[in-house]
Participant: 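Can you read through this structure? Questions will come right after.
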Amino acid sequence: MKKIIYDITPFTTLDYKDHLSCIVWFINCNMRCVYCYNHNIVQAKNGQYDLDDLYGFLQKRVSLLDGVVLSGGEATLHNLVPICKRIKNFGFKLKLDTNGSNPKLLEILLKKGLLDFVSLDFKSTKEKFKTITKSSFYHRFLQSLNLLIDSNIDYEIRTTLHKDLLNEDDINNIQNILYNKGYNKTFFIQNFLEGDNLGNLKQSDISFDNSKLKDKLNISFRN
């Protein structure tokens, strides 16, 4: 069995709000975001664990944890349907972190009721998407966004902010798209944290004026 899991974080109280969870880090990604700090996971050809390892780990965590976070890399590059079914059979709630590039799989997971929460990354505006992600999946992302907005699932939208890449107008553009589609939840902006990353980015000296942000959505800054 191929080892598609790079690592397992055995315990977290931060990644799935109000849930004691573990994080499953799947190898590979179809984007190469310049600020990505998980480049070792994104570029990995093999992981440390296979699915039997994961299920064995989770079996020992029944009644100790109540949630499992599927992250990466990009978890939706893998066949998540049987994985999610098995995890749900253990009694865990499931959170998916995704870049939204696989709306077909997301739709299946939603229809089958296999997800309890989704964190969707809104990488950038359409104009800057390819520059930031090195991919052409903006329209796929919009399909995933529409699926979540039309669903009954709990979810969040988040954007990583590096001031060399996105400015106030870009964030307002993203706000407008979300607002016009009917998004009425908190919009999370995650400040870039300097460290080893794909684009060798450093903290920017460019100022970012929060007062220029429109108040169409409730915005919460992380990091």
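For clarity, every value in this text was computed on a predicted model and none was experimentally measured.
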Participant: Any chance you could measure Glu74, atom CD, to Ser101, atom OG, to the nearest 0.5 Å?
Facilitator: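 Result: 4.5 Å between the selected atoms.
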
Participant: Show your working on side chain to side chain contact (heavy atoms under 4.5 Å, CB included) between Phe208 and Leu213 and close with a plain yes or no.
Facilitator: CA-CA 10 Å; Phe208 189 92; Leu213 298 182; 3.9 Å; yes

Participant: Taking the six-membered ring of Phe188, is NZ or CZ of Arg222 closer than 6.0 Å to its centre and within 45° of its axis?
Facilitator: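 Positive - Arg222 is close enough to the ring of Phe188 and near enough to its axis.
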
Participant: Side-chain donor-acceptor pairs under 3.5 Å in residues 53-73, sequence neighbours left out?
Facilitator:
{"from": "Asp53", "atom 1": "OD2", "to": "Asp50", "atom 2": "N", "distance (Å)": "3.0"}
{"from": "Asp66", "atom 1": "OD1", "to": "Leu20", "atom 2": "N", "distance (Å)": "2.9"}
{"from": "Ser71", "atom 1": "OG", "to": "Asp97", "atom 2": "OD2", "distance (Å)": "3.3"}

Participant: State, yes or no, whether a side-chain contact exists between Leu145 and Leu178 at a heavy-atom distance under 4.5 Å.
Facilitator: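 They are in contact (side-chain heavy atoms under 4.5 Å apart), so the answer is yes.
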
Participant: List the residues meeting salt bridge (charged side-chain N to carboxylate O under 4.0 Å, His left out) with Asp170, not counting sequence neighbours, and say none if there are none.
Facilitator: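 Lys128.
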
Participant: What's the verdict on ring pair (Phe, Tyr, Trp, His ring centres under 6.0 Å) for His78 and Phe26, showing C-alpha distance, side-chain angles and the deciding distance?
Facilitator: CA-CA 8 Å; His78 306 276; Phe26 286 89; 5.3 Å; yes

Participant: Check salt bridge (charged side-chain N to carboxylate O under 4.0 Å, His left out) between Lys185 and all other residues, then give those that pass, not counting sequence neighbours.
Facilitator: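 With sequence neighbours excluded, Lys185 shows a salt bridge (charged side-chain N to carboxylate O under 4.0 Å, His left out) to Asp154, given in chain and number order.
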
Participant: Evaluate the side-chain proximity of Lys123 to Met31: yes if any heavy-atom separation is below 4.5 Å, no if none is.
Facilitator: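 A side-chain contact under 4.5 Å exists here.
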
Participant: Below 4.0 angstrom, N of the basic side chain to O of the carboxylate: do Lys88 and Asp116 qualify?
Facilitator: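 So Lys88 pairs with Asp116 through a salt bridge.
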
Participant: Can you tell if the side chain of Cys22 reaches within under 4.5 Å of the side chain of Thr9, non-hydrogen atoms only?
Facilitator: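 SC-SC contact between Cys22 and Thr9 ruled out.
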
Participant: Among Phe117, Phe122, Tyr183, which residue meets the ring pair (Phe, Tyr, Trp, His ring centres under 6.0 Å) test with Tyr155?
Facilitator: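 The single option meeting the ring pair (Phe, Tyr, Trp, His ring centres under 6.0 Å) with Tyr155 is Tyr183.
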
